J.: 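Got a structure for you, written out below as structure tokens; questions coming shortly.
So you know, we letter chains A, B, ... as the sequences are listed, proteins then strands, and number each from 1. Keep in mind that this is a model prediction, so the values were computed, not measured.
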There are 2 protein chains.
Amino acid sequence: MDEGDQALPAAGAESPRRVAAVPAQSAAPDAAAAADRVAGAGRPAGVGRPAGAGRAMGAIRAAGIKEVAAAAEVSLGTVSNVLNRPQLVSPRTRARVERAMEELGFVRNESARALRAGSSRILAYVMLDPSNPFFTDVATGIEEVAGAADLSVFLCNSGEDAAREARYLDLLLEQRVQGVLITPVDAANERLRTLPARGTPVVLVDRVAGAGEGCSVSVDDVLGGELAATHLLERGHERIAFVGGPDTLSQVRDRRDGALRALERAGLPPDRLTVLATGALTVAEGRGAAERLIGLPAARRPTAAFCANDLVALGLLQMCVGLGVAVPGDCAIVGYDDIDFAAAAAVPLTSVRQPRRLLGRTAAELLLDEANNPTHEHQAVQFTPELVARASTVG
Amino acid sequence: MDEGDQALPAAGAESPRRVAAVPAQSAAPDAAAAADRVAGAGRPAGVGRPAGAGRAMGAIRAAGIKEVAAAAEVSLGTVSNVLNRPQLVSPRTRARVERAMEELGFVRNESARALRAGSSRILAYVMLDPSNPFFTDVATGIEEVAGAADLSVFLCNSGEDAAREARYLDLLLEQRVQGVLITPVDAANERLRTLPARGTPVVLVDRVAGAGEGCSVSVDDVLGGELAATHLLERGHERIAFVGGPDTLSQVRDRRDGALRALERAGLPPDRLTVLATGALTVAEGRGAAERLIGLPAARRPTAAFCANDLVALGLLQMCVGLGVAVPGDCAIVGYDDIDFAAAAAVPLTSVRQPRRLLGRTAAELLLDEANNPTHEHQAVQFTPELVARASTVG
DNA sequence: CCCCTTTAATGAAAGGTTTCAACGAGCGTG
DNA sequence: CACGCTCGTTGAAACCTTTCATTAAAGGGG
């Protein structure tokens, strides 16, 4: 931030967008920065100074309950009562206190409140991948419930990285959050057990809780996989590819197992399912899988693909179309999650829909129950998925 | 949660996935719930109880610094030193204290720390729409910088709703967060000025700060619009549609103005730009715009469309392909943001790329500077966008 | 007119951490 | 041997709110 300044025109410049000659910037040229700068994007075009700007103005030390009490000529406890139990305070005094708060610009200090209360009014949702609309929809459901209970939601992004996940969980414990909702990367993470033991309830989202692991909310992924594969079998496909990974994700395993179950029911041998493993559930990995799929000898090449999620399916779809493989003619495709982009793809994607918002809402409700209800019983709630057929399978 | 229980089989059931006969569930059938339940998805398939589950076990009251001090037979201040200034403590004592912390399972209480420090170790990013990958990428950049400074990032979703935005800002002020990064819905929100006045720095993201408004980091949207339109003009299009809205978003206005500037430079009258306004920047709105576009009389129908963001462009693209309008043959399309899905669309989308991660990183750096550097000067940093040409314009 | 009840307001304690001035011990120097 | 230093440790105060037992005042009934 510093170097950019000296080359600026005289201080007090009026134009906020004035272009400075010096492009230097404290955004250090680290590896990550370099990635974004590829192809020339990202060089700051201008560094200006908004009119009237100067050094940060000295912040007025925030007025506390004490100052308010003094201004309203009441005791400290009375101010607290106005905030928390207004019905105990006479209308006259209440008005006086409220006026004082107004005048002093009083803002409650949540830290002090949380310290006193022993826990902060925050729920956290640790998610695998915020760029996957599935998780943001779940988050929306969580926010609905949390908002109604006057709690805020702290969204944390584990990025499918176990270490980051662990770091966030530690952090949340330090914050004494009311509870944690999590779609874990690593089901074996000991913190999933130590947090509840230390008084911070944890609810698993999109994952089934094992013995003694507390509450969970999930969708029957085995059934979802079966629905997808059955749909393809019914449309006459007898060789199916399963595209997804890594195998450490239970969602991937379950969906694949469901597909195998469908084959079995149809009386077909399990080797009719060709597994194409991917390193992650992303669009890029889907594209990569397409090349492998198309590279298979024609005799063994599946005529349909079931992908572990929609991102992978969209990548696969794009590559197929690009390489001249007709969808669904040469290769039918089924995704999973039914994200908005699934319907929006140029060949709208058949997908397995999950009740995403409801998933989030239910999880949040279980969490609140666990946090507040002393007679809480752990539950593993499981919802039913549903197949949405679109053009990628129905020619 | 309550009704689900009584119909369960005998307590102590071992199977976590046991199916209960009673589908009832405390997830109330409110309006939002109903939306998700459309088409039958969302009915809980089962409510089970993980083996070994019971009422929440009484949490052990967390050990504090005091207990640790007692256990290690040192003073309270020494424990604090071990945590914050370990070099001041002799190795012997430090080891003793660390062992005590280990044994007691000591976890720092962030609330107390924040109370004492006057601010919590949290940055917040208030974003318009977490389901738009543009914002999650910006968030990733912010997290990189915050993580390096040992701060956590609180992600807040305003959902393009001014009231929610206001509520979050109030909340963040109460939390005494270190600073707020925001892509505001409502540039006129007075809180954008009151927060800094109360000592919480605010940096605008993807929006240019006006006079006396503090720091901002943005991309030159006018230039971006110009790049997009120029690209289309160079490819021979002389009637262009601009698809986007609402007009209250400065991004929309600027990008449109940039397109107009391109027309002007090319010596064409401004009425060659047909504006198709949308209510939001979503896939669904893009689809709707497609119908209006195709409905125009052939003589006035543009041969190309420039969309205010990629979501709108993808919706438009999908609908065009679905309705038999060849892309780019009958209608070329340019998007904005270059989100991953843009390249992944079946007709890969030409788009205007913004340095998203860098945007986030720079914003976070400005914020940290403002929070920590007493000689901080407000800056309006602006980056340059870049056009990425793909098949949706290049036949 | 006094006592008892109800209502309103008070003051102090507690919650866990950080900071800082002060203290004591050990050591080298004069 | 005494002085002054440094190093390691200490104890208390401060941060701001909430809670609760207590006091004071007002009102009603006997």
Side-chain angles (χ1 to χ4, degrees), chain A residues 59-98 100-101 104-121 150 171 173-177 198-199, chain B residues 59-98 100-101 104-122 150 171 173-178 198-199:
Chain A
I60 327 106
R61 221 181 58 65
I65 245 184
K66 203 159 59 183
E67 284 87 338
V68 173
E73 297 176 301
V74 293
S75 83
L76 209 145
T78 301
V79 179
S80 177
N81 280 338
V82 170
L83 288 168
N84 302 304
R85 268 117 55 226
Q87 75 283 4
L88 290 190
V89 183
S90 77
R92 264 181 57 85
T93 354
R94 196 187 330 164
R96 202 144 41 94
V97 172
E98 277 163 353
M101 295 202 288
L104 294 174
F106 169 76
V107 177
R108 227 183 196 153
N109 185 326
E110 259 296 315
S111 303
R113 200 151 119 94
L115 169 59
R116 180 61 227 238
S119 78
S120 60
R121 308 187 55 72
D150 203 31
L171 205 72
L173 191 56
E174 291 188 355
Q175 300 276 356
R176 301 292 193 275
V177 295
R198 293 216 200 297
Chain B
I60 328 106
R61 219 181 59 64
I65 246 184
K66 204 158 58 182
E67 283 88 339
V68 173
E73 296 176 302
V74 294
S75 84
L76 211 145
T78 301
V79 178
S80 177
N81 281 338
V82 170
L83 288 168
N84 304 303
R85 266 118 56 224
Q87 74 285 3
L88 292 189
V89 182
S90 76
R92 262 181 56 85
T93 350
R94 198 189 328 165
R96 203 144 40 93
V97 172
E98 276 162 354
M101 296 203 288
L104 293 174
F106 169 76
V107 177
R108 224 184 201 155
N109 186 324
E110 257 297 313
S111 302
R113 197 152 121 97
L115 169 59
R116 176 64 225 231
S119 78
S120 59
R121 309 187 55 71
I122 292 179
D150 203 31
L171 205 74
L173 192 55
E174 290 188 356
Q175 300 276 357
R176 301 293 194 274
V177 296
Q178 199 103 51
R198 294 215 200 296

J.: Could you check whether Val79(A) gets within reach of a base, just the sugar-phosphate, or nothing at all, counting any heavy atom under 4.0 Å?
T.: nothing
J.: Side chain of Thr93(B) only, heavy atoms from C-beta on: which candidate in dT9(D), dT17(C), dT10(C) is closest?
T.: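 Nearest nucleotide to the side chain: dT9(D).
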J.: When you check the phosphate oxygens OP1 and OP2 of dG8(D), does a side-chain N or O of Ser90(B) lie under 4.0 Å from one of them?
T.: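 For dG8(D), neither OP1 nor OP2 has a side-chain N or O of Ser90(B) closer than 4.0 Å.
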J.: Nearest nucleotide by nearest heavy atom, which residue falls closer to the 5' end of DNA chain D, Glu110(A) or Asn81(B)?
T.: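 Its nearest nucleotide being more 5', the pick is Asn81(B).
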J.: Report yes if at least one side-chain N or O of Asn109(A) is closer than 4.0 Å to OP1 or OP2 of dT17(D); otherwise report no.
T.: no
J.: Select from Arg85(B) and Leu115(B) the residue whose nearest nucleotide in DNA chain C is closer to the 5' end of that strand.
T.: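 Its nearest nucleotide being more 5', the pick is Leu115(B).
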J.: Can you tell me the distance, in whole Å, between the CD1 atom of Ile65(B) and the P atom of dT19(C)?
T.: 11 Å
J.: Measure CG/Asn84(B) against P/dG16(C) and give the value in whole Å, please.
T.: 17 Å
J.: Arg108(B) CZ to dG16(C) C1': how many Å, rounded?
T.: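 Atom CZ in Arg108(B) sits about 12 Å away from atom C1' in dG16(C).
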J.: Quick one: does Arg176(B)'s side chain get under 4.5 Å of Leu115(B)'s, heavy atoms only?
T.: no
J.: Of Arg92(B) and Arg176(B), whose nearest nucleotide on DNA chain D comes first from the 5' end?
T.: Arg92(B)
J.: What nucleotide among dG11(D), dC15(D), dT10(C) has an atom nearest to a side-chain atom of Ser75(B)?
T.: dG11(D)
J.: Counting heavy atoms from C-beta on, name the nucleotide in dG15(C), dT19(C), dC16(D) closest to the side chain of Arg116(A).
T.: dG15(C)
J.: Could you check whether any side-chain heavy atom of Arg96(B) comes within less than 4.5 Å of a side-chain heavy atom of Thr93(B), counting everything from C-beta outward?
T.: yes
J.: Hey, does Arg121(A) have a side-chain heavy atom less than 4.5 Å from the side chain of Arg113(A)?
T.: yes
J.: Is a side-chain N or O of Arg85(A) found less than 3.5 angstrom from the main chain of Val82(A), in a donor-acceptor match?
T.: no
J.: Which whole-number value in Å describes the distance from Leu88(A) CG to dA9(C) P?
T.: 10 Å
J.: Within the side chain of Ser120(A), is there an N or O that forms a donor-acceptor pair under 3.5 Å with the backbone of Gln175(A)?
T.: yes
J.: Which nucleotide, dA14(D), dT9(D), dA14(C), lies nearest any side-chain atom of Val89(B)?
T.: dT9(D)
J.: Between C1' on dT17(D) and CD on Gln175(B), what's the gap in Å once rounded to a whole number?
T.: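 In whole Å, dT17(D) C1' and Gln175(B) CD are 14 Å from each other.
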J.: Under 4.0 Å: is that the gap between some side-chain N or O of Thr78(A) and OP1 or OP2 of dA9(C)?
T.: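 Indeed not, no polar side-chain atom of Thr78(A) lies that close.
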J.: Take atom CG of Leu76(A) and atom P of dA13(C), then tell me their distance rounded to the nearest Å.
T.: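 Nearest whole value for this atom pair: 14 Å.
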J.: In whole angstroms, how far is the P atom of dA8(C) from the CZ atom of Arg96(A)?
T.: 14 Å
J.: Rounded to whole Å, please give me the gap between CE in Met101(A) and C1' in dC16(D).
T.: 15 Å
J.: Taking 4.0 Å as the cut-off, does a side-chain nitrogen or oxygen of Arg113(B) come that near to OP1 or OP2 on dT18(C)?
T.: yes
